[in-house]
Amino acid sequence: MKKKIMSILFFIVSLFTVGLAVYFVIILFGNYAIDEKDLVLNESTKIVDRDGNEITRLFVENREIVDLEDIPNHVKDAFISIEDHRFYEHTGIDIRAIARALYRDVITQSKAEGASTITQQLAKNAFLTNEKSWLRKTKEVLIAVNLEQRYSKDDILEMYLNRIYFGHGAHGVQAASKLYFDKDVKDISIEEGALLASLIKAPSHYSPFLDPERSKERRDLVLRTMELRGKLSAEETVRLQGKTIPTDQTKITENQAYLSYIDMVLQEAEEDHQISEAEILKGGYTIVVEMDKVAQEVLYEQFQKDETFPGSNVQGSMVLLDNDTGAVIAVQGGRDYVRKGFNRADQALRAPGSVFKPIAVYAPAMEEGLFNPYSLLKDEQINFDGYEPQNISGQYTGEITLYDAIKDSVNLPAVWALDQLGIGISKSYLEKQHLLLDDDGLGMALGGLDQGVSPLTIASLYRTLANNGVYSEPYLIDKIYDRNDEMVAEVVIEEAEVYSPKTAWDMTRMLEAVIQEGTGTSGQFNGALAGKTGTTSLESVEGASRDIWFAGYTPDVSGAIWMGLDTDDEENYMTASSDVTTIAFKTVLQEMYPDSSETNLAFEVPDGVEDLEGPIQFVDIDDLSANLKIGFTGGRVELSWSSSQDDRLHYRIYEVVGNDRKLIDEVVGESDYTVKGAGVFSSSSYVVVPFNPQIDREGEASNQADAEFQLFSRDSAS
């Protein structure tokens, strides 16, 4: 008897020891096999605008992680009912289910999967391959037991629902809900949750988009199973089984209009915020960008029209910036831009031509106090130590105001002004705006740069003028949040005062004149616009152009557009002028603001700045008359002439004495003058000469008028 008792005790101790050993083996192997990094899910990154509107998604796996508390109970019930109805009771494995699976494998002499718990499915998906073997099944069991030791049931269910694959590229219940029903998982109905639960056994096999009949049968099975598990009543089940299934797939499409912008976002995330593209694609970030979707789509659509360009092989790019922030609101890198392609907006460096004159010459020269808008610049053929620039028109006026030199884009005055300013000073102003040039020649005044500049750079330089002379570097990303909604990056705007508000404002007024009556009149835009055209020539072919530009700004946005050939030679060239880019730029603006009331905004004079008067124009006087009259107070000569409509123009009254002129008086805005005390019996002659006080110059003298004696005067009583 004693021996029998000892044997029983030995058996019990041995069984306990073996069980304990097995338990420790399970724990040790599970700990070894479980790498918690494998539980970190790839999650799609959202790019949204400032208002939180989604622009696009970037991902390796299309997944949005969702908290378990945001998943409705009826959705959780559907998965648990069909996949593992004893989920909240077992410790990671369901012994009865495993026994049935083993029995089935032995009978069929196969390695058929079956009856895995939700925890086992998580273990398999997170840590194991899809190989079907006894060893893999054993590992799955061991890992599942350890997962149950480490995590709560709710944690395991949340990881499972966020990880599993639902077909058509959707990973996790949130992405699947949007794919199949175009709504968040928190908003899906009971039968919709049942359909999602029906998919995970074989997503392609049961897809409603591929086999609607089979998909409905499987969904109805899930609903019957929910009834069997006490989650639905018979009446509810019958009603829900009568519901239809979705047939229209909600696709995450790649909007071609956004490709240029998205590539620049990825580049900025890596270069400025040290977040690589690989991390973006799987990290579940939310990237807040400054894109204006309307502007971006308008810009893209304009670049798809053949009539926008002067030839089928002509390329182009355009950038628009927000004047207040300096942010890039729209960009197009080419006519046929593709992901990771050559983005001409920030990678193509081209000679800017005359769009460079205001920012490299005139604005710095005015800021230095060297000139004002009505200073007279030389406009004559000059040899600058071997460099002999030419006016495109071939005509030279001797001198011209800075105002007119900008308006009419005359070359010689720009080169002469840069020579007076100094190349070093000019470059110092560009360096304040993050543009470093190796060029040291006066050709810089005409945009003849060795390396060239990008449209993005030109847009940022013009935005300085629009922003009262203050520069900040353009950017696309406002903020970046990680998957836990913690902000991990934010733009830092560093401003630099380049010009005074007065200089910037005077430039704005002169660039408005370019649009209203100068080289930028082509095209139609109803709002306020200041800008400059630019063209560079292909020297080997007469009349051929290499680059055509327009750069400018409204009260809201600044921008630049470039067109040209990626490679040009004697066989491949353009003959178009900057009229083409001017028209395209204005067309984009007009389509951005279809409501005319949005374009009625005018430029506002900065506080403390006196507005720039428009130029005073000379008038030709050829009808001067002089009438000598005698009254009780003596003789007088009454002069009259046709005056200018501009009452700011001065008129100098001269008496002609022999070959000389004697200044009598100067009047402003008048068309008549009385010379008192004139001799009655002596003849006298007069001329009137218009005088422009802005430039301190006289115009052409009027015809000479001789005073004629009249015996009687109509106002002799005066």
Side-chain angles (χ1 to χ4, degrees), residues 352-382 384 389-393 395-423 425-426 429-430 442-447 461-462 464-466 468-469 498-521 530-534 551-553 603 605-606 609-618 646 648-649 691-699:
S354 291
V355 298
F356 216 50
K357 293 173 182 175
I359 51 186
V361 182
Y362 295 128
M366 291 198 302
E367 185 66 20
E368 289 291 311
L370 191 62
F371 304 119
N372 64 56
Y374 296 111
S375 294
L376 289 170
L377 313 179
K378 284 191 177 182
D379 180 27
E380 56 190 46
Q381 289 182 292
I382 303 175
F384 298 92
Q390 306 289 319
N391 285 343
I392 299 300
S393 66
Q395 299 178 346
Y396 304 86
T397 60
E399 59 183 10
I400 188 174
T401 63
L402 190 153
Y403 187 107
D404 286 334
I406 290 178
K407 176 174 66 70
D408 299 326
S409 196
V410 187
N411 286 343
L412 256 299
V415 178
W416 180 82
L418 179 59
D419 188 49
Q420 299 298 302
L421 173 67
I423 293 173
I425 294 176
S426 170
Y429 279 87
L430 298 174
L442 290 175
M444 193 174 81
L446 307 182
L461 296 174
Y462 272 76
T464 300
L465 299 175
N468 293 330
V498 181
Y499 311 116
S500 67
K502 173 62 175 173
T503 295
W505 177 251
D506 286 348
M507 286 302 309
T508 296
R509 282 305 198 204
M510 289 187 285
L511 293 173
E512 274 192 296
V514 172
I515 305 303
Q516 294 165 359
E517 52 182 323
T519 60
T521 57
K532 185 71 186 73
T533 59
Y553 48 95
F603 290 106
V605 185
V609 173
E610 185 178 346
D611 197 2
L612 177 67
E613 289 187 340
I616 297 174
Q617 301 294 339
F618 286 115
D646 188 342
R648 298 172 299 161
L649 185 63
F691 172 75
N692 186 341
Q694 288 179 334
I695 61 175
D696 193 28
R697 288 290 190 277
E698 289 186 345

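Quick caveat: nothing in here was measured; it's all calculated off a predicted structure.
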Side-chain donor or acceptor of Asn692 paired with backbone N/O of Ile616 under 3.5 Å: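 The answer is yes, because a donor-acceptor pair under 3.5 Å joins these two groups.
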
Expected output: side-chain Arg648 to main-chain Gln694 donor-acceptor under 3.5 Å: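 Checking the backbone N and O of Gln694 against the side chain of Arg648, no donor-acceptor pair under 3.5 Å is found.
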
Looking at residues at least two apart in the chain, or sitting in another chain, which of them share a side-chain contact (heavy atoms from CB on, under 4.5 Å) with [X]?
X      : result
Ala504 : none
Asp408 : Asp404, Val410
Thr521 : none
Pro606 : Asn468, Pro501, Trp505, Val609

Straight-line distance of [X] [atom1] to [Y] [atom2], nearest 0.5 Å:
X      : Y      : atom1 : atom2 : answer
Met507 : Leu612 : CE    : CG    : 10.5 Å
Lys532 : Leu465 : NZ    : CG    : 13.0 Å
Glu380 : Leu412 : CD    : CG    : 8.0 Å

For [X], enumerate each residue passing the salt bridge (charged side-chain N to carboxylate O under 4.0 Å, His left out) test, keeping only those at least two apart in sequence or located in another chain.
X      : result
Glu698 : Arg652
Glu399 : Arg697
Glu512 : Arg509
Lys502 : Asp506

Can you sort out the partners of [X] under ring-ring contact (aromatic ring centres under 6.0 Å, His included), two or more places apart, ordered by chain and number?
X      : result
Tyr499 : Tyr429
Tyr396 : none
Trp416 : Phe371
Phe603 : Tyr553

Heavy-atom distance under 4.5 Å between the side chains of [X] and [Y], does that happen here?
X      : Y      : result
Phe356 : Ser426 : no
Asp696 : Phe691 : yes
Lys357 : Asn411 : yes

Shortest non-hydrogen contact from [X] to [Y]?
X      : Y      : result
Pro358 : Pro364 : O-CD, 3.9 Å
Pro413 : Tyr362 : C-OH, 3.8 Å
Ser500 : Glu367 : N-OE1, 2.9 Å
Ala360 : Leu421 : O-CD2, 4.3 Å
Leu418 : Leu442 : CD2-O, 3.7 Å
Ala414 : Val361 : O-CG1, 3.6 Å

Residue pair Ile695, Phe618: steps toward the side-chain contact (heavy atoms from CB on, under 4.5 Å) verdict: CA-CA 11 Å; Ile695 61 175; Phe618 286 115; 4.1 Å; yes

Modelled atom types, side-chain donor and acceptor of Thr519 and Ser409, under 3.5 Å: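 Checked: Thr519/Ser409 side chains show no N/O donor-acceptor pair below 3.5 Å.
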
Asp379 vs Asn391, side-chain contact (heavy atoms from CB on, under 4.5 Å): CA-CA, chis, key distance, verdict: CA-CA 9 Å; Asp379 180 27; Asn391 285 343; 2.9 Å; yes

side-chain contact (heavy atoms from CB on, under 4.5 Å) assessment of Tyr462 paired with Leu511: CA-CA 11 Å; Tyr462 272 76; Leu511 293 173; 4.1 Å; yes

Thr401 and Leu377: CA distance, side-chain angles, deciding distance, side-chain contact (heavy atoms from CB on, under 4.5 Å) verdict: CA-CA 6 Å; Thr401 63; Leu377 313 179; over 6 Å; no

